[in-house]
Protein chains: 2
Amino acid sequence: MDNLTERQKLILSLVIHEYTRSAQPVGSNTLVKRYKLDMSPATVRNEMAALTDMGYLRQPHTSAGRVPSEEGFRFFVGRLLRETELPDDTRHMISHQFYQSPPDTEQWMRLAASVLAHQSRAASLVTAPHPEKALIKHVEVISTYGRQVLMVLVMVGGEIRQRIMTLSDLVPQEVLTKAAQNITRLLQGKDAASIKAAMPQLQGLEYDLTHWMMQAMGESDAVVGGEVYLDGLSNVLAEPEFSDSMEARRALRVLEERSQLQQLLSRTMSGGGVGGVQVLIGGEGAMSELSQFSMVLARYGMPGVVTGMLGVLGPMRMPYGRTISTVRYIAGILSGLVTDAVGEEKYG
Amino acid sequence: MDNLTERQKLILSLVIHEYTRSAQPVGSNTLVKRYKLDMSPATVRNEMAALTDMGYLRQPHTSAGRVPSEEGFRFFVGRLLRETELPDDTRHMISHQFYQSPPDTEQWMRLAASVLAHQSRAASLVTAPHPEKALIKHVEVISTYGRQVLMVLVMVGGEIRQRIMTLSDLVPQEVLTKAAQNITRLLQGKDAASIKAAMPQLQGLEYDLTHWMMQAMGESDAVVGGEVYLDGLSNVLAEPEFSDSMEARRALRVLEERSQLQQLLSRTMSGGGVGGVQVLIGGEGAMSELSQFSMVLARYGMPGVVTGMLGVLGPMRMPYGRTISTVRYIAGILSGLVTDAVGEEKYG
DNA sequence: TTTTAGCACTCTCGGATCGAGAGTGCTAAT
DNA sequence: ATTAGCACTCTCGATCCGAGAGTGCTAAAA
């Protein structure tokens, strides 16, 4: 299938390696010297010419070194990259941080984003885990002030959804508590659809409350849940290719615009299960603002039950091997944490 | 006190105005022509020389126009700037957005950050409102999975604090509910200190729960509460003076580093009450990374009860008049919303 | 047939040069 | 006190040039 000779693969790999190091076009001489290749620059030139014809390399101008093309990176990641394990000490360092952090989802998300950003020296993004199909476990309604109440929904699996709303009448806490208990008893273990079916049985306050619940659960059913945790945005600006800042600015914009971001993530999430790491090179056609960037994304959690997503956004010439390992490793840790939290409750 | 003649003040103002428009050194000719001044360029030159001597203007090099110095901006903001009201339609547009958003603090924060970023075309930051002294109103404990429970604290004033924790034993929901009811009855209206005093009366589960409460309340007593909402970071990159990206990167770093940010904010918050708008020019000595930037900050909420902070981070040459008005206006709206939510419950 | 040495050629990049333009400070006249 | 006039300074952009890096091609070597 792949019509590249071994030597061509080697050279492509080396060009990519060198280019990710230096951010500059790579010439035949440099390559031979730095990697002590057992062939002459001329040979390398010939091979590079071939790779250029095939679309894996580009020449910024007639007489400069070669730069890997989008296709080149894609081929490299797909066929040439050998998976490497993260070094032991790095792994220990990371897992240590997680296991000594308090057992709080929000903390975990922040930590994951922070670690990912530091390790990859790029921008990181993490979404909170949320159930693929939300089932109510417990409902609590608390009066905060006046007619304003806080509704807390605990889902099977431990996810928490909350919503503040204003009732049409003033209702004392005791009544709210009663109502919440009723609703809990009635709807425990049900999903949004069954709740809808059960609604006609309810009336007055309980009906209103259930109505709000539906809304909160609807949000929860979206492929990608609410918050997206970001970190390391400033890393993007450090890359030499973005020193002119225009490109970087576009990327920042995408990351800031929650709706765009969620769209992007959910589109990606739908492919690939937990464990697999997806690599989007050059925005993969989807998002023109990201044409200079690559993303390494992974899903974590319990497939079919609760999942979230995490990943990295960096320049196209990123060290894919290491980045993929890092993303995979942290996804693994989060999966572990989430699985522990969810345990073996029953579903469906 | 101010030893500037009226004419010098005028010229300083105009230089600043022109410089904020163009981001380029301002010359005497330009000034006379564009503002149809009733004097000759030579006169302007003399005055500018005087202003330079006094330290209000700088010359990038011997023969270029003048640029306002940090001192210049400071004098301008402190003495020369006349307060302007935001135009009617802008105000309506803004308030409309708030009053049609759901009554949820988190939504308000996001909205405020977003509006502020758009209006000022700079980076915005908003902290959630939180009580100056936290008083417990209601406690709820909900089992999420296994030994993990969610504790929800509702403070007097409506602020919500929550914490996930792991108990040493498995405890059924009914017991948790009972315990929470007990604690609520016992500690309602108390602050952290009184709770500490009351702790010896408790034991077992209730003691443990109260212990955690103390922690959550301790956080809550810090001058600046948890989350800081950011928006418009990419705006900073759009400014011509940051096209080389190094400076911009530093600023981004500060904003990303929550701890630094909170420190900065709390230092500023401690001065000045609600309503007053504070302007920090050139980082005001405090933070060298921000030497090229200015911040416009305001406190909102109910003084002495619940307050938060919001503001803008932009280039030193920002349109202070408009920015200050915007910040003040949005602070006013948030104050209104918070006051509504808190209402007239009693304190102390 | 494959590899490589040799070579002419191309293109970028950094530095040097230069003139135009903008702006200043000073002096002398108003 | 203001301003016209003028010499002077400094930046900025354009242009030019040479060095350097790298290529593609051809012909010889393996």
Side-chain angles (χ1 to χ4, degrees), chain A residues 3-12 14-19 21-69 72 240-241 243-244, chain B residues 3-12 14-19 21-69 72 240-241 243-244:
Chain A
N3 28 13
L4 295 196
T5 67
E6 284 309 309
R7 194 167 63 188
Q8 286 171 333
K9 292 184 192 169
L10 172 66
I11 288 178
L12 178 55
L14 291 182
V15 170
I16 287 183
H17 185 259
E18 184 59 18
Y19 180 67
R21 262 182 31 86
S22 69
Q24 298 211 327
V26 181
S28 52
N29 274 307
T30 325
L31 219 52
V32 173
K33 242 175 268 164
R34 188 181 296 271
Y35 296 95
K36 304 215 198 325
L37 289 190
D38 200 15
M39 50 191 126
S40 77
T43 310
V44 174
R45 274 205 291 284
N46 286 332
E47 297 292 35
M48 294 210 298
L51 287 167
T52 306
D53 282 346
M54 289 183 276
Y56 295 131
L57 295 179
R58 283 187 315 111
Q59 268 180 307
H61 51 85
T62 326
S63 176
R66 299 307 210 288
V67 168
S69 70
E241 54 260 66
S243 61
D244 67 343
Chain B
N3 30 12
L4 293 197
T5 68
E6 285 307 311
R7 196 167 61 186
Q8 286 172 333
K9 294 184 194 171
L10 173 66
I11 288 180
L12 178 54
L14 291 182
V15 169
I16 288 182
H17 185 259
E18 183 59 19
Y19 181 66
R21 263 181 32 84
S22 69
Q24 297 211 327
V26 181
S28 52
N29 275 307
T30 325
L31 220 50
V32 173
K33 239 177 271 166
R34 188 182 295 271
Y35 296 96
K36 305 216 198 322
L37 289 190
D38 200 15
M39 51 191 126
S40 77
T43 310
V44 175
R45 273 205 292 284
N46 285 333
E47 298 292 34
M48 294 210 298
L51 287 168
T52 307
D53 281 348
M54 288 183 275
Y56 294 132
L57 295 179
R58 285 187 314 111
Q59 268 182 306
H61 49 85
T62 326
S63 176
R66 298 307 209 288
V67 167
S69 70
E241 53 263 67
S243 61
D244 69 342

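Numbered from 1 within each chain, the chains take letters A, B, ... in sequence-line order.
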What is the distance, rounded to the nearest whole Å, between atom NE2 of His61(B) and atom C1' of dT11(D)?
5 Å

Side-chain donor/acceptor of Ser63(A) to base of dT10(C), under 3.5 Å
yes

Interatomic distance where CZ belongs to Arg34(A) and P belongs to dG22(D) [whole Å]:
11 Å

Round to a whole Å and report the spacing from CD of Gln59(B) to P of dC10(D).
11 Å

Between dT4(C) atom C1' and Asn29(A) atom CG, what is the distance in whole Å?
13 Å

Between Leu51(B) (CG) and dG23(C) (C1'), how many Å, whole number?
17 Å

Value in whole Å for how far the P atom of dA27(D) lies from CZ of Arg45(A)
16 Å

Does Arg66(A) have a side-chain nitrogen or oxygen under 4.0 Å from the phosphate oxygens OP1 or OP2 of dT23(D)?
yes

What I want to check is whether an N or O donor and acceptor connect the side chain of Thr62(A) with the base of dT10(C) at under 3.5 Å.
no

In the structure I gave you, are the side-chain heavy atoms of Pro60(A) and Val67(A) within less than 4.5 Å of one another anywhere?
yes

Verdict with supporting geometry, Tyr35(A) and Glu18(A), side chain to side chain donor-acceptor pair (under 3.5 Å)
CA-CA 10 Å; Tyr35(A) 296 95; Glu18(A) 184 59 18; 2.8 Å; yes

Show the nearest heavy-atom pair for residues Val15(B) and Leu31(B), with the distance to one decimal.
CG2-CD2, 3.8 Å

Thr43(B) side chain: which of dG25(C), dT2(D), dG24(D) is closest?
dT2(D)

Counting only heavy atoms not in Asp38(A), do more than 12 sit closer than 6.0 Å to its CG atom?
no

What is the distance, rounded to the nearest whole Å, between atom CZ of Arg58(B) and atom P of dT24(C)?
15 Å

Counting only side-chain heavy atoms from C-beta out, which of dT4(C), dT24(C), dT23(D) sits nearest to Met48(B)?
dT24(C)

Would you kindly give the CG-to-C1' distance between Asn46(B) and dC26(C), to the nearest whole Å?
9 Å

From dA5(C), dT2(D), dT24(C), pick the nucleotide closest to the side chain of Ser28(B)?
dT24(C)

Evaluation steps, side chain to side chain contact (heavy atoms under 4.5 Å, CB included), between Leu37(B) and Leu14(B):
CA-CA 10 Å; Leu37(B) 289 190; Leu14(B) 291 182; 3.8 Å; yes

Start at the 5' end of DNA chain D and walk down; is the nucleotide closest to Ser40(B) or to Pro60(B) reached first?
Ser40(B)

Within the pair Arg7(B) and dA1(D), is there a side-chain N or O less than 4.0 Å away from OP1 or OP2?
no

